[in-house]
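In this chain, residues are counted from 1 in sequence order.
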Amino acid sequence: MSMDRHTLQAVLEDQERHRDGVERRREERDAQRDAERIAHMTAMADKMAAMCLAIQNLVVAQAQAQAQVPAAAAGPAQPTPKIRLQKMTSEDDPEAFLTTFERVATVSGWPARCWAAQLAPCLTGEAQAAYRALSNVAAEDYPQVKAAILQRLNITPETHCRRFRTYKRPEGTRPRIAAQQLWDHLTRWLRPTERTTQQIMESVGVDQFLEVLEPETRAWVARHSPETMDKAVELAEAFEDALLRLDPSPAPAIPVKHRPSPAHPKTAVRPSVFPVPLSASPPKWRPRLAPSWARENPWTPPSGPRDKQPSPTAPPSPTCFRCHEVGHIARFCPVAMECDVALRCPAAEGEA
């Protein structure tokens with residue numbers, strides 16, 4: 001009994017140590033995850049601080065330059081101070097990066113024709129590939145460069161619409177951050193600063209109209225990117241009318257040569273391309289008299305193992321109702337034939 005108590009105590013101690021180890025490893029993982037998150041946020045904060053400092057220095061330098069040069073003097077323009085821009089990384093939001101660049105360029109007073117040349121050294125990865133694919137003339141136009149980059153990265157108003165519809169709050173995210181992300185997707189989808197109230201209402205109506213369509217019709221209409229409800233309705237009706245012309249879905253016709261007749265109701269067929277009889281079960285065999293070939297050569301069971309039975313489709317052997325033997329009928333019964341011969345022989349002798 002004492003040995004059992006000691007064993008139980010040892011088992012309980014092992015379990016306690018195991019729980020402590022699991023809890024300690026969980027705490028270590030949580031601490032490491034928190035440290036990585038803090039390091040990432042610190043790096044992002046440093047980058048933003050450096051950019052804000054550059055903008056502030058630029059504003060101060062521009063103000064000083066304007067204060068030194070009299071407003072009435074018509075002299076050559078002063079050279080714009082150079083700003084060291086950060087390269088775009090895979091962790092940066094492309095749209096946020098481009099918005100920041102535009103603000104820096106506006107504050108710096110760069111001419112619009114120089115924006116594309118200033119942006120090119122900051123591009124990396126897919127954005128750089130999109131810029132490289134442009135022609136020399138298009139590469140000097142900043143709006144075309146921006147559109148090519150967003151298109152290469154698959155960032156369109158429809159993308160933000162889907163993100164807005166399917167947004168889920170990440171675990172551990174504060175409500176303000178989740179609301180800001182939702183608002184960003186909504187504004188980038190509807191673009192209230194670029195479009196009128198009517199255009200925004202049309203976008204919302206078209207998006208909801210696509211949700212109630214059939215999958216095939218929805219894919220066809222969405223492929224044409226309609227901007228108004230009337231255009232979406234026109235595309236949907238045209239697609240469904242085309243489907244009706246291709247497949248009017250008539251009632252299935254029965255082939256003429258297999259058309260059922262009232263005299264033979266069992267030969268009716270189902271409404272399909274290949275007629276199938278109503279009764280698909282095989283006919284049952286009924287016992288009947290043996291044919292002529294069986295009368296001359298009576299059937300004998302095969303010799304061999306007992307597990308090998310004759311084919312189920314073979315006709316059953318006849319049974320004589322006089323001698324109850326298998327293999328012949330009463331008309332050809334040998335016992336009856338012997339009796340008939342014995343009865344006829346005395347009569348023949350008497351006549352002689």
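- Remark: Asp207 engages Arg162 in a salt bridge, criterion side-chain N to carboxylate O under 4.0 Å.
- Annotation: Gln151, atom CD; neighbour count of heavy atoms from other residues, nucleotides and ligands within 6.0 Å does not exceed 12.
- The pair Arg19-Glu16 meets the salt-bridge criterion, since a charged nitrogen lies less than 4.0 angstrom from a carboxylate oxygen.
- For the pair Arg26 and Asp20, the salt-bridge criterion is not met [side-chain N within less than 4.0 Å of a carboxylate O].
- Arg33 pairs by the side-chain hydrogen bond (donor to acceptor under 3.5 Å, both in side chains) definition with Asp30, not counting sequence neighbours.
- Side-chain contact of Gln198 with Glu202: a donor-acceptor pair under 3.5 Å is present, judged by distance alone.
- Distance check: Leu186 CG to Arg165 CZ gives 9.5 Å after rounding to the nearest 0.5 Å.
- Each of Leu190 and Met229 belongs to its own hydrophobic cluster when Ile, Leu, Val, Met, Phe, Trp and Tyr are linked at side-chain heavy-atom distances under 4.5 angstrom.
- Checking Ser203 against Arg195 by side-chain atom types alone, a donor-acceptor pair falls below 3.5 Å.
- By the 6.0 Å contact criterion, CZ on Arg169 is enclosed, its count of non-hydrogen atoms from other residues, nucleotides or ligands being greater than 12.
- For the pair Val206 and Lys231, the minimum side-chain heavy-atom distance is 4.5 Å or more.
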* Stepwise side chain to side chain contact (heavy atoms under 4.5 Å, CB included) check, Thr319 with Glu325 -> CA-CA 6 Å; Thr319 303; Glu325 295 291 336; over 6 Å; no
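- For the pair Asp93 and Arg188, the tightest heavy-atom approach, listed with the atom from each and the gap, is OD2-NH1, 3.1 Å.
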* Passes side chain to side chain contact (heavy atoms under 4.5 Å, CB included), Phe97 versus Leu119? Steps please. -> CA-CA 10 Å; Phe97 184 87; Leu119 177 64; 4.1 Å; yes
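- The backbone N or O of Leu53 lies less than 3.5 Å from a partner atom in the side chain of Asn57, making a donor-acceptor pair.
- Partner of Tyr142 under the side-chain hydrogen bond (donor to acceptor under 3.5 Å, both in side chains) criterion, out of Gln118, Arg113, Glu102: Glu102 alone.
- Contact check for Phe239 versus Leu235: no side-chain heavy atoms found under the 4.5 Å cut-off.
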* Asked: Could you go step by step and tell me if His40 and Glu36 meet the side chain to side chain contact (heavy atoms under 4.5 Å, CB included) rule?
  -> CA-CA 6 Å; His40 177 69; Glu36 292 177 356; over 6 Å; no
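- A tilted orientation is assigned to the rings of Trp110 and Phe101, their planes being inclined by 30° to 60°.
- Side-chain contact check for Gln180 and His185: no donor-acceptor pair (N or O, by modelled atom type) lies under 3.5 Å.
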